[in-house]
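Structure first, then comments.
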Amino acid sequence: MIKEPEAPVTVITNKQGTHQRDADFPLIFERAKPGRRAAHPPVRDGADLADLLGEANLRKTVPKLPEVSELDLVRHYTQLAHRQMSIDANAYFLGSCTMKYNPKVNEEAAKLFADIHPYQDPDSVQGALELLYNLQTYLEQITGMDAITLQPAAGAHGELTGILMIRAYHNANGEGDTRTKVIVPDGAHGTNPATATMVGYKVVEVPTATSGEVDINALKDVLDESVAAIMLTNPNTLGIFETNILEISRLAHEVGAQLYYDGANTNAIVGRARPGDMGFDVVHLNLHKTFTTPHGGGGPGTGPVGVKAHLADFLPKPRIKQEVTEGGTRFDFDEDIPHSIGRMRSYYGNFGNLVRAYTYICALGREGLKDVSGMAVMNANYLRIKLKEAGYNVPFDRINMHEFVAQPPKGLKTLDIAKAMLDYGVHPMTVYFPLVVKEAMMVEPTETESLETLDAYAEVLADILKRAEHDPDFLHDAPFDTPVRRLDEVKAARQPVLRYTNP
Amino acid sequence: MIKEPEAPVTVITNKQGTHQRDADFPLIFERAKPGRRAAHPPVRDGADLADLLGEANLRKTVPKLPEVSELDLVRHYTQLAHRQMSIDANAYFLGSCTMKYNPKVNEEAAKLFADIHPYQDPDSVQGALELLYNLQTYLEQITGMDAITLQPAAGAHGELTGILMIRAYHNANGEGDTRTKVIVPDGAHGTNPATATMVGYKVVEVPTATSGEVDINALKDVLDESVAAIMLTNPNTLGIFETNILEISRLAHEVGAQLYYDGANTNAIVGRARPGDMGFDVVHLNLHKTFTTPHGGGGPGTGPVGVKAHLADFLPKPRIKQEVTEGGTRFDFDEDIPHSIGRMRSYYGNFGNLVRAYTYICALGREGLKDVSGMAVMNANYLRIKLKEAGYNVPFDRINMHEFVAQPPKGLKTLDIAKAMLDYGVHPMTVYFPLVVKEAMMVEPTETESLETLDAYAEVLADILKRAEHDPDFLHDAPFDTPVRRLDEVKAARQPVLRYTNP
Amino acid sequence: MHYLPHTPEDIAHMLKVIGVDSIEALFADMPEALHNPDINVPAGLDEVSLLHHLRELAAKNQPPSGGLLGGGTRQHFIPSVTPHLAMQSEFVTAYTPYQPEVAQGLLQATFEYQSMMTELTGLPISNASMYDGASSVAEAALLAVRQTKRKRVVVSTGVHPEAREVMATYLKPLDIAISEVSLEQLTTSIDAITSQLGDDVACVIVQNPNFLGYLETMPALADAAHNVGALFIAVVDPLSLAVLTSPAEVGADIAVGDGQVLGNPTNFGGPSFGFMTVTDALLRQLPGRIVGETTDVDGKRAFVLTLQAREQHIRRSKAKSNICSNHQLAALMATVNMAALGPQGLINLATSSVRAAHTLARKLEDAGLKVIPGTFFNEFVVQTARPATEVRRALAERNIHAGVPVPTSYGLGDAIILAATELTQDDDIADLVNALSQIEAQTEKALQKVLEVAHD
Amino acid sequence: MHYLPHTPEDIAHMLKVIGVDSIEALFADMPEALHNPDINVPAGLDEVSLLHHLRELAAKNQPPSGGLLGGGTRQHFIPSVTPHLAMQSEFVTAYTPYQPEVAQGLLQATFEYQSMMTELTGLPISNASMYDGASSVAEAALLAVRQTKRKRVVVSTGVHPEAREVMATYLKPLDIAISEVSLEQLTTSIDAITSQLGDDVACVIVQNPNFLGYLETMPALADAAHNVGALFIAVVDPLSLAVLTSPAEVGADIAVGDGQVLGNPTNFGGPSFGFMTVTDALLRQLPGRIVGETTDVDGKRAFVLTLQAREQHIRRSKAKSNICSNHQLAALMATVNMAALGPQGLINLATSSVRAAHTLARKLEDAGLKVIPGTFFNEFVVQTARPATEVRRALAERNIHAGVPVPTSYGLGDAIILAATELTQDDDIADLVNALSQIEAQTEKALQKVLEVAHD
Ligand SMILES: Cc1ncc(COP(=O)(O)O)c(C=O)c1O
Ligand SMILES: Cc1ncc(COP(=O)(O)O)c(C=O)c1O
């Protein structure tokens, strides 16, 4: 809200070299000057590197990294933080992303474990292993699955892990060559088909019925012994619960296909229903959604995967095991997984985030988790009604779960609405996804938003329509008050400039 | 720079109750609703308070404090932070305040000591006592004094401590009744005369000579046995070094007056010259200036006081002492100060800040401290030249120390220039102080500012004059882009509203 | 290490612009004799060595746990969200908000602080904070003297000894007399106070809960003060006000105290902050900064430092106090913390502390230790067989940090003050009871021996 | 505890607006059978109990010091300013910057990250980050297969074993063959690699310094790959690039690796981040997000996610990878950290680590321990008399955390990898040397005994 310094910036940076009010914000490289330094590490004297490593192995030129004083460094990244919307400062109802409050106590917890090393003696990290073991069991309980791996680094990584296990399972049953397809709904997130491809499967899309659910007849048509897996999100990306889930599960298993649960929408059911009970064979969770590990501007996420017993032998290694001996309980890595698909990443997963998620689960407990889904679903339904009152169209207008998809009134573009929202200090919803709805506006308020914020959000959207009536152009020109205004994205793609190059 | 959310705010708060773009930013009370809660402390069951404390002692009504969810709390204070200029985000050259960079490592250091209690057994806080003892010795070295008390909570508190000691000293010499005056220059900071009054002294002001230094003849005229002390800042508030300091010291001591050093400007001489060597009998330091403890929006500061040997018996208690025994060295409190003026505050001073200042001194070391004053003085002189080039007037135009005082060109008001600066994201200098210069603009860039920032600052000031020529009104209307614009300060004072009252 | 941006080229360029040929030349105004003093401070450190040194020092401290230490500073629950928000660098690295257009963050937060303190104390006017509780008591006494033009102050010894010492230091040079009224056993006696009252008395100062932890009969004491036209100054524990009758309700004209318990770490005693709230009548006498509400040129609500005619930078030698820097950041910690806890949270903290303290006292009595009976809040006195500092040491050796020594001036013999808070767990209580019993037992034995020896 | 804002009145009001009479009613779409599963998770905790539980767990860990553990993750100096800036909540709690007008903070920082990684590696194109080093190796192999349309990958066993495992997991289902070429003693042999090359080879993958810590002859290996039209993939330690010849200089087409050493804590192995830089020719095959520069309608410079036609949300089943969330925040830590250290700071870290490691090696040799000679960077191999895990345990019992076991597949017998960094103090070195000597000595004795026994 306070302007970032202009002159201190522009004088250094703008192309014309003269001061102008609306100059470019500088790159850290443009604040730099040879010989400056912020941080002062210890320096060990000793032999010349050429003697130790051989002249030939040494770099001839010093990498041109920025050189800045500590104050200039601080000003730069503090001002950049002021040029960024975030959950902590703005309503941020991104559908499918579960932008809920990230508790500060999680960060305190993570700090307690930040300095241990993946390769130290397991007996010197028993606390960390115990935490991981507990988290495995809690997530088994929450998902209703028999075994969990904490390794995957994100939801998509979890999908890859899960589909790889399904493939290994079919191979083990001698069906590796005959099962060649993975079925995904047309509303599925892009990572689902992309994952199937990475595992060498052919992707078959099934349409969405007028109910907003998977068209079950269309599904039957494509479902046969050539299908390795069906990937579903439930509630689906329209925020609608697949009421036929038990039948779908029956149909899938009848033909020997495995049912995969994309857990991105777990916030809708956490504590109240379990994918395991729905008949899913594999489940991934996005801990950065339902379990409050921060999105961090795009990551790191974490995507633990749960499986039913028949798939446990295929889990990636290592898992965490508990050994109860006379000496007491001890925790260790379990490398002994007969048909493991192998490793999905180095070490044991995004441990720092696993600590945060564990902290969250311990804080809320069983009852607290149930309240999460209850309030998340209530908030979303309330906001759906409010947006309808405000003049927006809701294509699949029924009780939704944690999110819903709306559309602007005829003639208006979702993109313009989204850009107009920025001037109100409100972050837009997810736009143009899912693809099954034209001009989709996918809204997920989450349970941590208050009634007042929901009402205010609806008022902003109502206000935008009112203003659009009186002054149609404003919609195309917005935003006006943001650090930069609408961007030339075509130019960015046509003449890619992907790094700073010294002038 | 990003707007703070408007609608989520305005709908809840603004008087008209309808959404409007430019609504008031809400108070935390206006975001509140009974029954909400951010923090969850442990609760101990047990007897009724009425039984334990007696009904009569219990409060009848619950205090009307705000009740908010943790997310609403976070949004509120994160957005407030965005409505605040700071060293970390903006050039902030407040004369006399030494707004230098506050190192982050100081904060890490302070955390290491945050949880110890002032009344625990001294043997269980030897590390803290050792740190305090070391700091006492380092500050003795830096000021050239014989003994230091770390107790005072700010500069003004240090002044009070020092003048109280001077009074006690004169009393002890049987001159308590005859020495009734304290001399301060007309350029002195307000705390100097205010302090003298608090100790029951009559304040005598001496004028500033055309040189910008104390008028030494005027000083001689008022200097006699009735004078208890002379309070000086050196360099003085014009940023000019009192070249006659040694003579002033001689004159003062000839008549038995004590010489007091206001250490607010120590950044100009730290590591290079010592008040003790200048002949001062008492010195206070503002650790939140020269020694980088954060200003914190107005405090807490810290104002250690150093004295020459003849005043050591009057220091407030306790001090920290070192005991070297066969068992090794041990640290403890020294309550045994014969004629101590008593206590200045509870416990041992602003310990958290003492840790920060100690960290800073250990980081820089003797040579580093000397570079601080060198670069601070160079920056200030460079900027003085630049502002002259930009068209500003410098009344006492000579080599200055860490700061200098300028004036706008004839006809322009300093207030208007200051307000215009805000739209550039640059914080104004100290204005209308010292009082000896009309329309004073007191500029102290400090040593942590880079050449580019100084040039940019000068460009902003030049740009403002250019624009003022073409469009004189803009100066009176600025600022335009700040969270709020010019305030009605008369209304604030005439009809004081000093707290939120439930509507 | 250092924090300088200057490259050799920068320095050369800048000296050239200035027109001098060396840094030294900039200091030509300094008499020759002053140059190059020999300052005996160690050489600078890199960041790793620096933190290594500080961690070594920190390792020589044993931070207490269980909230058993009191005496004006107590360990209380501070939610993680509080420091996260209050210590945002925009707040930490700002100066006093003299340019309101770009300081609404701190100005509004301070207005919120003032509003919260007036809610807790019931008095309508609050300043923006003072240094600490002790100096606030002294400033309150000075305020009363200014307002009443009387030059004697009556104070109960129930007021924190360090606060009384500080007040004495402040008042002495102004020839303001202080009449100390000793507690009768544990609390202030109205008769004893009344016997000291007269029309030369500016104010009566009483602390509740008092230094020993026991509750005073505030309303009666307030009446006594008002009867002679003196102001009544209540020194209070702000956290206790979540459940205790407010200073306004008991008839106080001024409420002061230390804010540490509202959300600042114990910090070895500082920084925390002092607060002062007063009746409307005393507004113009209030020391320190005050934030007020107003509007900007567009009619938008905004906040600003106001009524500055009381302050040193305007009134200089005629100011109400010399205070300039206050303890804003510590007050901000309290503001955010009170908003985080809300009234119910504060009530929980206060209630849990009281219950823990009373449980501790009962268990000590059961163990045969000498708890001095009386109505106490969350601190109370136990008499010991050995000198208090020895008992505290003996406890510390068992890694239990408790036992603020009761000054002998209270005439309670060897005695310690014990405290408890919502952080005090049942095993903290059990451990303390066991440890104290052991220590006392040993002492008894020791005494026995001495006597036996004496006998033969 | 919980993070819900809903009061009973709110809930009543909202349900009324929705037109249902209970929360349960909102879940009517869920088949009866699914409701109220019995989930065996403990009850919730208040914040104090919560942190108490976590501190107890943390207390069961012994964080290493002295930077003696390597194997892909190392403890390096991270200045206090780095987390302070990178962990500002505006960055931490933002999502992927899909609305560039209000995400310039992260977009520009990511552009700066890309610029720094291209500077370090010398390759002109960088993506915005990957999960970790291991998955980046796998994605690089897939990229090579896409680009060359060949289905065999040649990899040196000098590449981190876990990276090779992950690659195998990724490649298996796509029937891409992997030819592993074993190290000859400590480094990759050109002949051995060449013997595996043919026109069916998509890429040659070599790590430098390799897993054991020793330097490879990268240029020759790159030439060998290029001779058969294969891409050369350099797996590198980005910190080492402050002083070692860059992937571009040695002729690599792709550089990948793990970024932990650039300014992230060891975190028990995660999260850190993976990086990938490539030649211009490979731009359109690059997986993951990329930030590009452009201008806004006012002509102001601005940054935006670009070339998204490669990504899953646009291309779905035809995307270059399924990656969506990356490891942006960890990459931001590295970005701020590199800017804080600057080139000279990075060179200091690298140089000091190398010197410390070589000092350690010399001292071990002097003590008679079996350091395997060769040109190593800041990690190297010591052969031991006892199994590596036992040696590591024995060291841990002396509170020295060091000794990454060398997998037997390397044919070096019982051996451990030792590392050193700028954080390794001389006494860390001395302690490790003494401890290892003792442990080895004991083992020798033990073996002696066994032999003697065998003799009689
Ligand atoms: C429905 C759905 N599936 C999968 C993903 C991919 O998860 P991640 O970004 O953690 O890889 C997302 C993330 O946006 C999602 O919304
Ligand atoms: C010259 C001078 N003296 C004294 C003071 C008072 O110091 P403090 O604010 O720490 O009480 C100041 C603070 O601005 C000052 O500039």
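These numbers were taken from a predicted model, which means no experiment stands behind them. Lettering of chains follows the sequences in order, A, B, ..., and the numbering in each one begins at 1.
- Ranked by heavy-atom pairs shorter than 4.5 Å toward chain C, the options Thr430(B), Val43(B), Leu49(B) are led by Leu49(B).
- With a 4.5 angstrom heavy-atom cutoff, His84(C) does not touch chain B via any of its atoms.
- Only the side chain of Tyr92(B) has a heavy atom closer than 4.5 Å to any heavy atom of chain C.
- Between chain C and the residues Pro103(B), Gly352(B), Ser124(B), the largest count of heavy-atom pairs under 4.5 Å involves Ser124(B).
- Considering only heavy-atom pairs separated by less than 4.5 Å from chain C, the leading option among His295(B), His40(B), Arg343(B) is Arg343(B).
- Salt-bridge check for Arg393(C) with Asp123(B): passed, with a basic side-chain N closer than 4.0 Å to an acidic carboxylate O.
- For a residue to count as touching a neighbouring chain, one of its non-hydrogen atoms must lie under 4.5 Å from one of that chain's; by this rule Pro42(B) touches chain C with backbone and side chain alike.
- Heavy-atom distances place the side chain of Leu50(C), and not its backbone, under 4.5 Å from chain B.
- Taking chain C as the reference chain and counting heavy-atom pairs below 4.5 Å, the highest number among Glu449(B), Met375(B), Gln126(B) is found for Met375(B).
- Only the side chain of Leu283(C) comes within contact range of chain B, with at least one heavy atom under 4.5 Å from a heavy atom of that chain.
- Ring pair Phe433(B)/His313(C): centre-to-centre distance not below 6.0 Å.
- Judged by the 6.0 Å distance and 45° axis criteria, Arg301(C) is not positioned over the aromatic ring of Phe25(B).
- Using a 4.5 Å cut-off between heavy atoms, Thr389(C) makes no contact with chain B at all.
- Ionic pairing of Glu447(B) and Lys100(B) is present here: one or more N-O contacts between side-chain nitrogen and carboxylate oxygen are shorter than 4.0 angstrom.
- Ranked by heavy-atom pairs under 4.5 Å with chain C, the list Met344(B), Glu367(B), Glu159(B) is led by Met344(B).
- Contacts of Ala273(B) with chain C are made by both backbone and side-chain atoms, with heavy-atom separations under 4.5 Å.
- Heavy atoms closer than 4.5 Å to chain B are found in the side chain of Thr118(C), but not in its backbone.
- Within the 4.5 angstrom heavy-atom criterion, no atom of Phe273(C) approaches chain B.
- The part of Glu47(C) that comes within reach of chain B is its side chain, from C-beta onward, which places non-hydrogen atoms under 4.5 angstrom from that chain.
- Interface residue His6(C): only side-chain heavy atoms are found under 4.5 Å from chain B.
- The candidate from Pro496(B), Pro479(B), Gly342(B), Cys97(B) with the greatest count of non-hydrogen atom pairs under 4.5 Å with chain C is Cys97(B).
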- Item | Criterion ring pair (Phe, Tyr, Trp, His ring centres under 6.0 Å) on Tyr347(B) and Tyr119(B), from CA distance to verdict | CA-CA 8 Å; Tyr347(B) 314 120; Tyr119(B) 283 150; 5.3 Å; yes
